[in-house]
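Working notes for the structure below.
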Amino acid sequence: MGYKFSLVLNREITDEESVTLKGAIHADASFGDDRLPTDAEVPVTKIEFDDSVSPTLAEAIEAALEAVKVVPELTVPGLSVPAQPAGPVAETAEATETAAAPV
């Protein structure tokens, strides 16, 4: 389990663009249909990420945003980040074990 978040793209992507994005994304990602948050009449693509590679959430999001740039004229008008552990996943587990150990 890694950092979870989603990006809403500015439009629906083609099958070819989907293949291009999958090649540029270095995390588990799933693509789905959605609607633009500011205009429910506009169909868009939403990408759900589960990044267990990046050391921080910020780096995971930055990598995802950079991957989207490989498709010309594709932008990200929406980002959703649910509550999750702060800091690197491995560090959080170590901190929990250390805090639970009797002194």
Side-chain angles (χ1 to χ4, degrees):
M1 183 170 120
Y3 298 110
K4 295 179 185 261
F5 60 95
S6 61
L7 299 180
V8 175
L9 306 178
N10 62 314
R11 60 178 171 77
E12 287 183 305
I13 59 173
T14 65
D15 290 341
E16 183 179 299
E17 290 170 332
S18 175
V19 170
T20 300
L21 284 172
K22 287 177 183 175
I25 294 171
H26 302 290
D28 288 334
S30 59
F31 296 74
D33 298 330
D34 204 353
R35 296 288 174 175
L36 192 63
T38 56
D39 186 351
E41 298 296 317
V42 179
V44 296
T45 297
K46 182 177 188 177
I47 308 173
E48 299 281 345
F49 291 86
D50 187 354
D51 185 331
S52 57
V53 177
S54 298
T56 66
L57 175 59
E59 289 177 78
I61 293 170
E62 287 175 18
L65 293 171
E66 285 299 312
V68 170
K69 291 180 181 179
V70 302
V71 177
E73 299 181 18
L74 194 60
T75 61
V76 180
L79 165 68
S80 177
V81 183
Q84 51 201 301
V89 176
E91 265 186 37
T92 303
E94 287 176 17
T96 303
E97 290 171 11
T98 304
V103 180

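All values below were derived from every heavy atom in this structure, side-chain atoms included, with hydrogens, water molecules and symmetry-related copies excluded.
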Problem set entry | Set of salt bridge (Lys or Arg N to Asp or Glu O under 4.0 Å) partners for Glu59, sequence neighbours left out | none

Exercise. With sequence neighbours left out, which residue pairs that include part of residues 6-24 fulfil the salt bridge (charged side-chain N to carboxylate O under 4.0 Å, His left out) condition?
Worked result: Arg11-Glu17

Exercise. Which atoms form the tightest heavy-atom contact between Ser18 and Phe31, and what is the distance?
Worked result: O-CZ, 4.3 Å

Problem set entry | Nearest non-hydrogen partners of Lys46 and Ser6, listed with the distance | CE-OG, 3.4 Å

For this session: Hey, could you give me each pair passing ring-ring contact (aromatic ring centres under 6.0 Å, His included) that has a residue in residues 56-81? Not counting sequence neighbours.
Result: none

Exercise. After noting the C-alpha distance and the side-chain angles of Leu7 and Val68, does the key distance pass the side-chain contact (heavy atoms from CB on, under 4.5 Å) rule?
Worked result: CA-CA 10 Å; Leu7 299 180; Val68 170; 4.0 Å; yes

Exercise. How close do Ala60 and Phe5 get, heavy atom to heavy atom, and via which atoms?
Worked result: O-CZ, 3.5 Å

For this session: Please report the shortest heavy-atom distance between Ala67 and Val70, naming the atom on each side.
Result: O-CG2, 2.9 Å

Seminar exercise, completed: Correct closest heavy-atom pair for Gly23 and His26 would be O-CE1, 4.4 Å

Exercise. Donor-acceptor pair, Asp51 side chain versus Ala27 backbone, under 3.5 Å?
Worked result: no

Exercise. Just by distance, do the side chain of Asp50 and the backbone of Lys4 share a donor-acceptor pair under 3.5 Å?
Worked result: no

Exercise. Between Thr75 and Asn10, which heavy-atom pair has the shortest distance, and what is it?
Worked result: N-OD1, 2.9 Å

Problem set entry | From CA spacing to verdict: side-chain contact (heavy atoms from CB on, under 4.5 Å), Leu79, Leu65 | CA-CA 10 Å; Leu79 165 68; Leu65 293 171; over 6 Å; no

Exercise. Between Tyr3 (side chain) and Val53 (backbone), is there a donor-acceptor pair under 3.5 Å?
Worked result: no

